[in-house]
Undergrad: 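Can you keep this structure in mind? I'll have questions shortly.
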Amino acid sequence: MPKEGFVTSITRQSEDFPGWYNDVVLKAELADYSAVKGCMIIRPYGYAIWESMQGELDRHIKATGHSNMYFPLFVPKSLLDKEASHVEGFNPQVAWVTHAGGKKLEEWLAIRPTSEAIIAESVKDWIHSYRDLPMLMNIWNNVVRWEMRTRLFLRTTEFLWQEAHTFHATAEEAADEVRTGLDCYVKVAQDWLAIPVIQGRKTEAEKFPGADYTWCIEAMMRDKKALQAGTSHNLGQNFARAAGIEFLDRDNIRKHAYGTSWGFSTRMVGATIMTHGDDSGLVMPPNAAPVQVVVVPIFRKDEEKAAVAEAIDKFTAALASTPEGKAVRVKVDWREESPGFKYNHWELRGVPFRLEIGPRDVAAGQGMLVKRVDRSKEPVPLMQLAAEMPARLAAYQAELFQRALDFRAANTHNADTFEQLRDGLDGEGGFFMAPWCGDTKCEKQINEEIGATIRCIPFDSPDEKGKCLKCGGESERRVLFARAY
RNA sequence: CGGGGUGUGGCCUAGUUGGUAAGGCGCGUGCUUUGGGAGCACGAGAUCGUGGGUUCGAGUCCCGCCACCCCGACCA
């Protein structure tokens with residue numbers, strides 16, 4: 001029997017979820033703390049996961065007509081100050097450069113907390129005519145938002161993300177664009193990361209500072225808390241007015257352009273961990289898994305090693321003989337460690353399938369296939385497996401999504417009274433669909449009293465007359481309450 | 001910003017009434033091993049978070065500071 005190894009040194013989810021999360025991030029070598037408070041180092045395996053979702057999102061962004069470009073890290077104070085609600089919303093979180101070149105700066109420079117302000121200032125010189133619109137831009141960069149309390153991937157002072165910024169001739173086009181952005185996020189979250197999301201609109205209190213309205217996707221983590229997984233904002237003409245972005249329309253009238261912006265960050269690495277992971281570590285969705293199949297050779301003597309190597313070579317060659325098979329990310333672990341060590345090593349990293357091949361398997365022309373998500377073991381003839389691998393990965397991906405969907409469904413409830421909401425959150429937890437009058441005062445009171453926020457007003461929430469949890473006023477439909485990250 | 005906690009090789013920890021730092025993991029080398037975190041041997045690795053104070057002598061006692069973690073508050 002194995003002694004207590006470091007698998008058991010991962011805090012159990014049921015004991016302490018944040019502790020579990022931290023253990024997994026650090027021990028799976030996704031990230032580490034750095035010399036800078038609140039800032040993290042993303043290590044190769046964590047960065048590979050980010051690159052996977054980044055690549056997929058980038059494909060969607062380009063497919064919908066957006067071009068990548070780059071804007072400066074610094075935003076002059078005067079520019080940030082132009083849009084009133086924007087500056088008010090972000091000021092507490094902005095880091096400023098006040099000195100440079102050994103001198104005090106005449107004008108402070110903000111380290112961008114987001115780029116609306118500097119982009120608006122820049123594009124006003126590029127937009128003159130309705131023919132210049134729409135202008136569809138996307139930027140992959142880092143931003144800095146000073147945080148009191150940080151958590152690896154979920155909330156760090158500096159983080160990586162994508163921010164799309166678009167300008168349009170009409171309000172309708174801008175509204176369509178908000179949908180386009182959100183659709184990109186829904187696809188990446190659900191189809192790539194197997195994270196089911198609820199789409200909806202943020203309340204006035206929760207919307208982006210400077211936006212007319214904000215749409216979002218919200219996901220449920222395995223501790224039943226909510227995580228905002230992406231936001232898409234309709235900026236209306238707010239920034240265009242502040243920066244003076246005007247164009248001559250086809251009716252020969254000067255108009256302010258309509259703007260949108262939408263963002264998706266490294267927080268989604270954390271979402272992936274907390275949606276699928278278990279007490280042995282990560283459980284990666286195959287699409288986003290840096291390694292999809294790990295082969296663990298087992299042998300004692302040199303002859304056995306040679307025979308096992310030959311079988312593995314045949315398997316990988318057979319796999320690579322079709323385009324779909326060639327695309328499978330296989331890793332053969334020849335390190336001089338014991339098989340048991342490797343099992344745990346790759347389970348911690350969430351590799352979907354492990355293929356054990358030892359002398360007994362070679363004799364039978366098979367391999368022992370182990371599924372990470374449920375640890376089920378199945379002997380499979382190697383040539384058959386090579387042919388089936390792409391389909392098995394696809395099935396695994398679908399299974400993870402369904403599992404997450406079932407989990408969310410099992411933990412989503414209606415609450416009709418304040419007491420039901422409170423007791424539900426304090427008890428089993430989860431998502432609660434509850435009537436709300438639409439008043440920010442009620443929303444804030446509920447937040448102060450029980451720590452729950454309105455995550456969104458879901459698009460698929462049906463019309464249903466009710467009485468607001470807090471004030472008893474008229475409610476048109478239920479909204480999503482939860483405790484959130 | 002409030003409350004709590006922790007700082008000792010890379011990691012986890014021990015360190016007695018104050019006496020000159022110990023163990024485990026990991027790391028390196030060698031041999032034996034390999035179907036769920038292998039064993040033995042040898043070896044490298046620490047100005048004990050930091051600054052002061054008390055003392056013949058401080059990891060240990062006193063004061064200040066810093067950092068990090070947890071829980072709140074706040075937060076895209």
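Chain letters run A, B, ... following the sequence lines, proteins first, then strands; residues in each count from 1. Side-chain atoms are counted along with the backbone in the values below, which use heavy atoms only and exclude waters and symmetry mates. The structure displayed is predicted, hence computed values, not measured ones.
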Undergrad: Quantified in whole Å, what is the C1' atom distance between nucleotide B/G57 and nucleotide B/U17?
TA: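 Looking at atom C1' only, B/G57 and B/U17 are 15 Å apart.
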
Undergrad: Flag as yes if A/Phe159 stacks onto the base of B/A76 (centroids under 5.5 Å, planes under 30°), otherwise no.
TA: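 According to the criterion (under 5.5 Å, under 30°), yes, A/Phe159 stacks.
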
Undergrad: Do A/Glu29 and A/Arg349 meet the salt-bridge criterion of a basic N to acidic O distance under 4.0 Å?
TA: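 The answer is yes: the pair qualifies as a salt bridge.
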
Undergrad: If you look at every strand shown and take non-hydrogen atoms under 4.0 Å, does A/Arg354 touch a base, only sugar-phosphate, or nothing?
TA: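 If one applies the 4.0 Å heavy-atom cut-off, A/Arg354 turns out to touch a base.
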
Undergrad: Does the distance from a Lys or Arg side-chain N to an Asp or Glu carboxylate O, for A/Arg483 and A/Asp426, drop under 4.0 Å?
TA: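 Yes, A/Arg483 and A/Asp426 are salt-bridged.
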
Undergrad: Is the A/Phe159 ring parallel, tilted or perpendicular to the A/Trp161 ring (thresholds 30°, 60°)?
TA: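 Because their plane-to-plane angle is over 60°, the rings of A/Phe159 and A/Trp161 count as perpendicular.
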
Undergrad: To the nearest angstrom, how far is A/Asn22 atom CG from B/C68 atom P?
TA: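 Rounded to whole Å, this separation is 14 Å.
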
Undergrad: Using atom C1' of each nucleotide, how far apart are B/C31 and B/A22 to the nearest Å?
TA: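 Result for the C1' pair: 29 Å, nearest Å.
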
Undergrad: Does OP1 or OP2 of B/A73 have a side-chain N or O of A/Asn447 closer than 4.0 Å?
TA: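 False: A/Asn447 side-chain N/O out of range (4.0 Å or more) of B/A73 OP1/OP2.
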
Undergrad: Taking B/C25 as the reference, what is the distance to B/C75 when you measure between their C1' atoms (whole Å, please)?
TA: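 Nearest-Å result for B/C75 against B/C25 at atom C1': 39 Å.
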
Undergrad: Return the stems involving RNA chain B, sorted by first number, where pairs are Watson-Crick (N1-N3 with N6-O4 or O6-N4) or G-U wobble (N1-O2 and O6-N3), both under 3.5 Å, and runs are 3 or more long.
TA: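 The stems that RNA chain B takes part in, listed by first number, are B:1-7 with B:66-72, B:10-13 with B:22-25, B:27-32 with B:38-43, B:49-53 with B:61-65.
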
Undergrad: Which comes earlier along RNA chain B counting from the 5' end, the contact point of A/Val370 or that of A/Gly89, where each point is its nearest nucleotide?
TA: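 Result of the comparison: A/Val370.
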
Undergrad: For the residue pair A/Trp192 and A/His60, is the inter-centroid distance of their aromatic rings smaller than 6.0 Å?
TA: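 For A/Trp192 and A/His60, the ring centres are not under 6.0 Å apart.
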
Undergrad: Say we look at B/G19 and B/C48: how far apart would their P atoms be, to the nearest angstrom?
TA: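 Their P atoms lie roughly 15 Å apart.
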
Undergrad: Starting from C1' on B/A76, measure out to CZ on A/Arg267 and report it in whole angstrom.
TA: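 Rounding to the nearest Å, CZ of A/Arg267 and C1' of B/A76 are 7 Å apart.
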
Undergrad: Return the orientation label for the A/Phe239 and A/His86 ring planes: parallel under 30°, perpendicular over 60°, tilted otherwise.
TA: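 Rings of A/Phe239 and A/His86: perpendicular, over 60°.
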
Undergrad: Measure CD/A/Gln162 against P/B/A76 and give the value in whole Å, please.
TA: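 Roughly 19 Å, once rounded to whole Å.
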
Undergrad: Tell me whether the side-chain N or O atoms of A/Glu163 pair up with the base of B/A76 as donor and acceptor below 3.5 Å, since no angle test is needed here.
TA: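 Answer no: no donor N or O sits under 3.5 Å from an acceptor.
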
Undergrad: In Å, rounded to the nearest 0.5 Å, how long is the span from CG of A/Leu469 to CD of A/Glu443?
TA: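 It comes to 12.0 Å.
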
Undergrad: Using the C1' atoms only, state how far B/C63 lies from B/C68, rounded to an integer number of Å.
TA: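 These two C1' atoms come out 22 Å apart once rounded.
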
Undergrad: Write down the protein N/O and nucleotide N/O pairs, taken from nucleotides 31-35 of chain B, whose separation is under 3.5 Å; answer none if there are no such pairs.
TA:
unit_1 : atom_1 : unit_2   : atom_2 : d
B/U34  : OP1    : A/Arg300 : NH1    : 2.3
B/U34  : O2'    : A/Phe299 : O      : 3.4
B/G35  : N7     : A/Arg360 : NH1    : 3.4
B/G35  : O6     : A/Pro359 : N      : 3.1
B/G35  : O6     : A/Arg360 : N      : 2.8
B/G35  : N1     : A/Asp361 : OD2    : 2.5
B/G35  : N2     : A/Glu356 : OE1    : 3.4
B/G35  : N2     : A/Asp361 : OD2    : 2.9

Undergrad: Please state the P separation for the pair B/U8 and B/U47 - nearest whole angstrom.
TA: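 The same atom, P, in both gives a distance of 12 Å.
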
Undergrad: Considering only atom P, compute the distance from B/U60 to B/G53 and round it to an integer number of Å.
TA: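 That atom pair is separated by 14 Å.
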
Undergrad: Quick check with a 6.0 Å cut-off and a 45 degree axis cone: is A/Lys470 positioned over the face of A/Phe418's six-membered ring?
TA: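 Output yes; distance and angle both within limits.
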
Undergrad: Any ion pair linking A/Arg354 and A/Asp333 (charged N to carboxylate O, less than 4.0 Å)?
TA: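 Salt bridge: no.
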
Undergrad: For A/Glu147 and B/A76, give me the distance from atom CD to atom P, rounded to whole Å.
TA: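 In whole Å, B/A76 P lies 9 Å from A/Glu147 CD.
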
Undergrad: With RNA chain B as reference, determine whether A/Ala205 or A/Pro18 sits nearer its 5' end, using the nearest nucleotide of each.
TA: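 The residue whose closest nucleotide sits nearer the 5' end is A/Pro18.
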
Undergrad: Measuring only the C1' atom in each nucleotide, how far is B/G18 from B/G10? A whole number of Å is fine.
TA: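 Looking at atom C1' only, B/G18 and B/G10 are 30 Å apart.
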
Undergrad: Answer yes or no: is there an ion pair linking A/Arg392 with A/Glu378, defined by an N-O contact shorter than 4.0 Å?
TA: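 Salt bridge flag = yes for A/Glu378 with A/Arg392.
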
Undergrad: Please list, chain by chain and in numerical order, all residues satisfying side-chain hydrogen bond (donor to acceptor under 3.5 Å, both in side chains) with A/Arg222, sequence neighbours excluded.
TA: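 Here no residue qualifies.
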
Undergrad: So what does A/Arg155 touch, heavy atoms closer than 4.0 Å: a base, only the sugar-phosphate, or nothing?
TA: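 Result for A/Arg155 = base.
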
Undergrad: In whole Å, I'd like the distance from the CH2 atom of A/Trp20 to the C1' atom of B/C69.
TA: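 Roughly 19 Å, once rounded to whole Å.
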
Undergrad: Should A/Glu56 and A/Lys187 count as an ion pair when the cut-off is N to O under 4.0 Å?
TA: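 Here A/Glu56 does not pair with A/Lys187 in a salt bridge, since their nearest N and O are not under 4.0 Å apart.
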
Undergrad: Donor-acceptor pair under 3.5 Å: do we get one between A/Arg145's side chain and the base of B/C75?
TA: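 Flag unset: no donor-acceptor pair detected.
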
Undergrad: Please report, rounded to the nearest Å, how far the C1' atom of B/C11 is from the OH atom of A/Tyr33.
TA: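 Interatomic distance, OH of A/Tyr33 to C1' of B/C11: 14 Å.
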
